[in-house]
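Remarks on the structure that follows.
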Amino acid sequence: AEGLFDAGLKKALPRYPGRIGLVTSPSGAAVRDLIHVLGRRWPVAQLRLYPVPVQGAEAPAAIRDAIAAANRHGWADVLIIGRGGGSLEDLWAFNDEGVARAVAASAIPVVSAVGHETDFSISDFVADLRAPTPSAAAETATPDQAALLESLQRAQRQLTYRMDGRLQQHAQKLDHAAHRLQQRHPSRR
C-alpha cells in the first residue's frame with residue numbers, strides 16, 4: 001500500500017560503477033563470490049565491505065545500520081546486499097520490515113542478492129534490482145570488461161579505417177593541387 005514495491009520508484013544502476021559497496025558477511029561464500037566475479041568482470045571498481053551478520057537476531061539491525069552508513073558516507077555508486085543460500089530461517093533477516101525500509105530509503109541504488117534462484121525475500125522486492133545469487137548480482141551491477149574492451153577495439157579499428165580513408169582523400173587532393181600548381185608555374189608559361 002505504501003508503494004515500496006512500485007517499479008516506478010526503482011533507481012537505475014550506474015552503467016560504469018567506480019565504487020561498489022558490499023553489505024554482507026565478511027566470512028561467507030557470498031563475499032568471496034562477489035569479489036571474484038567483480039574482479040574478473042570490472043577490476044577498475046573499488047570495493048568497500050560493510051561487514052554484517054546475515055542471520056540471527058542481530059542481523060536485521062546490523063544490515064539496516066550498514067545501509068544507513070553507506071548512504072551517510074556517500075562513497076558507493078551501487079550497493080549489493082545479500083548472502084548465499086540457506087534455510088528460510090537463515091534468510092529471514094532480509095524479510096525484516098526495517099531492512100526493507102532501509103533498502104527502499106537508500107539514495108544509492110541497491111541490488112538484492114539473497115540466497116539462490118528459488119529464494120525470494122522482501123528485500124528483493126524493495127531493492128532497485130533483484131539478482132538470483134550474489135554472483136549474478138556482481139554480473140548485473142557491472143559491465144563485462146572483456147566485452148567492453150572488444151567493443152572499444154572494434155571502434156578503434158573502424159576509426160583507423162575511416163581516418164586512413166580521409167587521409168588518402170586529402171593526399172589525392174593535395175597531389176592534384178600540386179600538379180595544377182606545377183602546370184601554372186611561371187617558368188612553364
Side-chain angles (χ1 to χ4, degrees), residues 5-24 29-50 67 70-82 84 103-117 120 123-189:
F5 297 173
D6 186 5
L9 298 177
K10 307 295 184 194
K11 293 176 282 308
L13 300 184
R15 190 166 181 187
Y16 304 108
R19 296 181 304 268
I20 301 171
L22 308 175
V23 179
T24 190
V31 74
R32 290 190 302 275
D33 291 346
L34 285 165
I35 291 169
H36 173 75
V37 174
L38 292 169
R40 175 179 49 82
R41 283 183 58 86
W42 196 236
V44 298
Q46 297 174 354
L47 305 179
R48 178 176 288 176
L49 177 63
Y50 292 88
I67 294 169
N71 277 273
R72 274 194 316 276
H73 298 152
W75 178 85
D77 299 322
V78 64
L79 288 177
I80 299 175
I81 68 165
V103 170
S106 177
I108 302 168
V110 175
V111 179
S112 178
V114 180
H116 294 301
E117 288 85 357
F120 285 90
S123 294
D124 292 336
F125 296 111
V126 177
D128 298 300
L129 186 69
R130 178 206 178 252
T133 65
S135 294
E139 290 188 11
T140 303
T142 57
D144 183 1
Q145 166 187 274
L148 187 58
L149 184 59
E150 182 180 320
S151 174
L152 289 173
Q153 288 171 340
R154 189 173 43 252
Q156 181 183 17
R157 286 190 301 270
Q158 188 176 37
L159 182 60
T160 300
Y161 175 77
R162 287 183 177 183
M163 286 175 56
D164 286 346
R166 284 273 176 106
L167 286 173
Q168 280 185 337
Q169 284 178 344
H170 288 297
Q172 287 175 351
K173 284 182 182 179
L174 188 59
D175 285 345
H176 181 69
H179 179 71
R180 284 184 51 208
L181 188 60
Q182 284 179 349
Q183 297 266 324
R184 294 182 178 196
H185 193 276
S187 66
R188 288 205 169 222
R189 287 190 177 186

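Side-chain contact check for Thr24 versus Pro134: every heavy-atom pair is 4.5 Å or farther apart. Two residues are said to be in side-chain contact when any heavy atoms from C-beta on lie closer than 4.5 Å; Arg19 and Arg48 fail this criterion. At a threshold of 4.5 Å between non-hydrogen side-chain atoms, the residues Met163 and Arg166 do not count as touching.
Of all non-hydrogen atoms in Lys11 and Ala104, the two that sit nearest each other are NZ-O, 4.5 Å. The shortest non-hydrogen separation linking Val111 to Ala141 is CG2-CB, 4.5 Å. Pro17 and Trp42 get closest at one heavy-atom pair: O-NE1, 2.8 Å. The two residues Leu13 and Pro109 make their nearest non-hydrogen contact at CD2-CB, 3.7 Å. When all heavy atoms of Val126 and Phe5 are compared, the pair lying nearest together is CG2-CE2, 3.3 Å. Taking both residues in full, the closest heavy atoms of Ala127 and Ser112 are given as CB-CB, 3.6 Å, listed atom of the first, atom of the second, then distance.
Here the straight-line distance linking atom OG of Ser106 with atom CG of Leu79 works out to 5.0 Å at 0.5 Å rounding. The CG atom of Asp77 sits 9.5 Å away from the CD atom of Gln46 when rounded to the nearest 0.5 Å. Note: Leu129 CG to Thr140 OG1 = 5.5 Å, rounded to the nearest 0.5 Å. Distance check: Gln169 CD to Asp164 CG gives 11.5 Å after rounding to the nearest 0.5 Å. The distance from atom CG of Leu22 to atom CD1 of Ile20, rounded to the nearest 0.5 Å, is 7.0 Å. Between Asp175 atom CG and His179 atom NE2 the span is 10.5 Å, to the nearest 0.5 Å.
Remark: side-chain polar atoms of Thr133 are not paired, donor with acceptor, to backbone N or O of His116 under 3.5 angstrom. At distances below 3.5 Å, at least one donor-acceptor pair connects side-chain atoms of Thr160 with backbone N or O atoms of Gln156.
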Worked verdict on His185 versus Leu181 for side chain to side chain contact (heavy atoms under 4.5 Å, CB included): CA-CA 6 Å; His185 193 276; Leu181 188 60; over 6 Å; no

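Aromatic ring orientation, Tyr50 versus His73: parallel (interplanar angle below 30°, classes split at 30° and 60°).
Under 4.0 Å is where a charged nitrogen must lie from a carboxylate oxygen, and between Lys10 and Asp128 no such pair does.
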